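Working notes, structure below.
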Amino acid sequence: MLSKFYPLLAHTWGGVIIALAVGAIGWALLAWGRRSASPHRGLAKLFGWVVCAASALLLAGAVVSMVTLMRLGAQHPPMGELVDIGGYRMHILAEGERGDGPTVVWIPGAHAQGLALHHLHVAIRNESRSVLFDRPGTGWSDPGPFPRRTATEADELARLLERAGERGPFVLAGHSYGGLLAANFARRYPERTAAVVLLDASPPDAFIYAPVYGAGALEQLVRDGEREGLAKLFARWTDPEPAMAEAEGEIGRILRLQNELLADVKPTMDANRRRPATSFAHASIFREFGAGTVTAEVPDIVVYDGELGDLPVLVVIPDEDPAAIIDPLGLDEAAAARAKNFFKRTRVRYLEVSTDTRLIHTPPGTGHNYPYETPGFVVEVVRGVLAELRAGG
């Protein structure tokens, strides 16, 4: 299984090791063909030359990839600090004065690099201490150990904040998949958490029980990550985002919004995303919900009802009709009804984790990606939490 090789493949020099290993196999075939008296020695020699040629092509691609990543690394140095958290480093960008209130920690969705929420960080850093960070494998952070797991990343975030000298308590603001990490941090470190702001967060239910997407969609995410990572290792990857941003439809619209809001850091984000580690970390974290893994990992992932005590938890969700998401899938009537009900109920799943949860609906017309559609609204929500905490509420 390819996942066993993620620790090697996630490094920029991983492609060189693979190319040399393939070359060694080719030379071994050639040597056997020369020494052997077998009637198949000619075929072995031919196959050996083919393998050696493939090795040369792989090596060339790997070297081009390494040189490209080194050049991009020099052009886009870390914006913050690289902190050793136990044999590998994580990147943290912490700005603003803490004052008499807590520090805000932003966690983007989809296992993205911290800069994905840079526009919200910029909007709040003059009023509060604000933190962006890169999960291992993303942004400027080292690949870190594999497999990637939500529980592991909650502990890594805690060590990062401590070793970077950031004092709690913290307001964790997590979007989508980042909300799952925010809730897991709060469960493990309640004494370091002042509040949790869940920006349409993904509960594990959405991955485990979904009647529409389910395990097949997760397996596709894993395969996509692996293919991207291998392509990056050998300089065969072409960034699909520019074409996607020009396309009609929801994805194109959101990407255009992101490009506008993140224009100052977009070249840096594009450079960071070229790292193979980004793709293999992405594949690994979604393997957490795969068949044969999820049953063992669920107790560490789920934040059960009531586990956050009386911690303030804001569940901020769009008040959109699930039909807009489900109907285009072309399901039959019964399946569509189940999917719509599941989607609607799952969005409010986190309302049970604390005795102090508040449901907040986003402005009309916004969807799952509202941190890009209406960033001012998100900032106002966080400002309200900070004001309440400063007042001792």
Side-chain angles (χ1 to χ4, degrees), residues 90 92-94 102-121 123-124 128-136 138-139 141 148-158 160-161 166 168-190 192-207 281-282 285-286 288-289 300-303 307-308 311-318 346-351 353-354 357-360 362 368-372 374-375 377-379 381-386:
M90 286 180 65
I92 182 171
L93 175 63
T103 296
V104 180
V105 179
W106 301 97
I107 311 177
H111 210 258
Q113 59 187 298
L115 288 181
L117 293 182
H118 187 259
H119 60 300
L120 301 178
H121 168 78
I124 209 77
S128 170
R129 186 75 168 166
S130 180
V131 169
L132 296 177
F133 72 99
D134 295 324
R135 303 186 192 204
T138 71
S141 291
R148 293 278 89 213
R149 294 291 183 260
T150 300
T152 301
E153 295 191 343
D155 291 333
E156 288 170 334
L157 175 57
L160 172 66
L161 292 169
E166 296 299 324
F170 302 99
V171 172
L172 281 298
H175 175 229
S176 190
Y177 193 73
L180 180 62
L181 180 56
N184 269 268
F185 180 96
R187 179 174 74 82
R188 288 168 171 78
Y189 303 97
R192 300 174 64 181
T193 307
V196 181
V197 181
L198 298 176
L199 308 172
D200 205 15
S202 303
D205 311 48
F207 300 103
H282 172 97
I285 197 67
F286 285 112
E288 184 171 45
F289 293 97
D300 259 352
I301 304 168
V302 175
V303 179
E307 280 201 301
L308 298 190
L311 186 72
V313 177
L314 280 66
V315 179
V316 190
I317 62 172
T346 299
R347 267 193 158 143
V348 296
R349 192 71 188 87
Y350 283 108
L351 286 175
V353 299
S354 166
T357 56
R358 305 99 181 265
L359 177 62
I360 300 175
T362 63
H368 176 66
N369 288 295
Y370 66 84
Y372 303 99
T374 178
F377 165 79
V378 176
V379 172
V381 169
V382 173
R383 279 179 179 148
V385 173
L386 293 173

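In this text, all values refer to a predicted model and were calculated from it rather than measured experimentally. All residue numbers in this chain count up from 1 along the given sequence.
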Taking the side chain as every heavy atom from C-beta outward, state whether [X] and [Y] have any atom pair closer than 4.5 Å.
| X | Y | result |
| --- | --- | --- |
| L120 | V382 | no |
| D200 | S176 | no |
| P204 | R349 | no |

State the [atom1]-[atom2] distance between [X] and [Y], to the nearest 0.5 angstrom.
| X | Y | atom1 | atom2 | answer |
| --- | --- | --- | --- | --- |
| T103 | F170 | OG1 | CZ | 5.5 Å |
| N369 | L199 | CG | CG | 11.0 Å |
| L308 | T357 | CG | OG1 | 10.0 Å |
| Y350 | L180 | OH | CG | 4.5 Å |
| H121 | L93 | NE2 | CG | 4.0 Å |
| L351 | L314 | CG | CG | 10.0 Å |

Would a distance-only check, ignoring hydrogens and angles, find a side-chain to backbone donor-acceptor pair under 3.5 Å from [X] to [Y]?
| X | Y | answer |
| --- | --- | --- |
| H175 | H368 | yes |
| Y370 | V316 | yes |
| N184 | I301 | yes |
| T193 | Y189 | yes |
| R192 | A158 | yes |
| D134 | G114 | yes |

Check: Y372 ring centroid to H119 ring centroid under 6.0 Å: yes
Please name the pair of heavy atoms, one in [X] and one in [Y], separated by the smallest distance, quoted to 0.1 Å.
| X | Y | result |
| --- | --- | --- |
| V378 | P371 | CG2-CA, 3.9 Å |
| P108 | Q113 | CG-O, 3.3 Å |
| L311 | A195 | CD1-N, 4.1 Å |
| E153 | L181 | C-CD1, 3.7 Å |
| A154 | F185 | O-CD1, 3.8 Å |
| S141 | P136 | CB-CA, 3.9 Å |

Residues R148, E288; criterion side chain to side chain contact (heavy atoms under 4.5 Å, CB included); working and verdict: CA-CA 8 Å; R148 293 278 89 213; E288 184 171 45; over 6 Å; no
For Y177 and F286, take the angle between the two ring planes, folded into 0 to 90°, and tell me which bin it lands in: parallel under 30, tilted 30 to 60, perpendicular over 60.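 Tilted, since the angle between the ring planes falls between 30° and 60°.
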Applying side chain to side chain contact (heavy atoms under 4.5 Å, CB included) to E166 and I92, what does each step give before you reach the verdict? CA-CA 10 Å; E166 296 299 324; I92 182 171; 4.1 Å; yes
Do the charged groups of R188 and D300 touch, with an N to O distance under 4.0 Å? yes
Please tell me whether T138 and H111 have a donor and an acceptor in their side chains that are separated by less than 3.5 angstrom. no
What verdict does the side chain to side chain contact (heavy atoms under 4.5 Å, CB included) test give for I360 and F377, after you've listed the backbone C-alpha separation in whole Å, the side-chain angles of each residue and the deciding distance to 0.1 Å? CA-CA 11 Å; I360 300 175; F377 165 79; 3.9 Å; yes
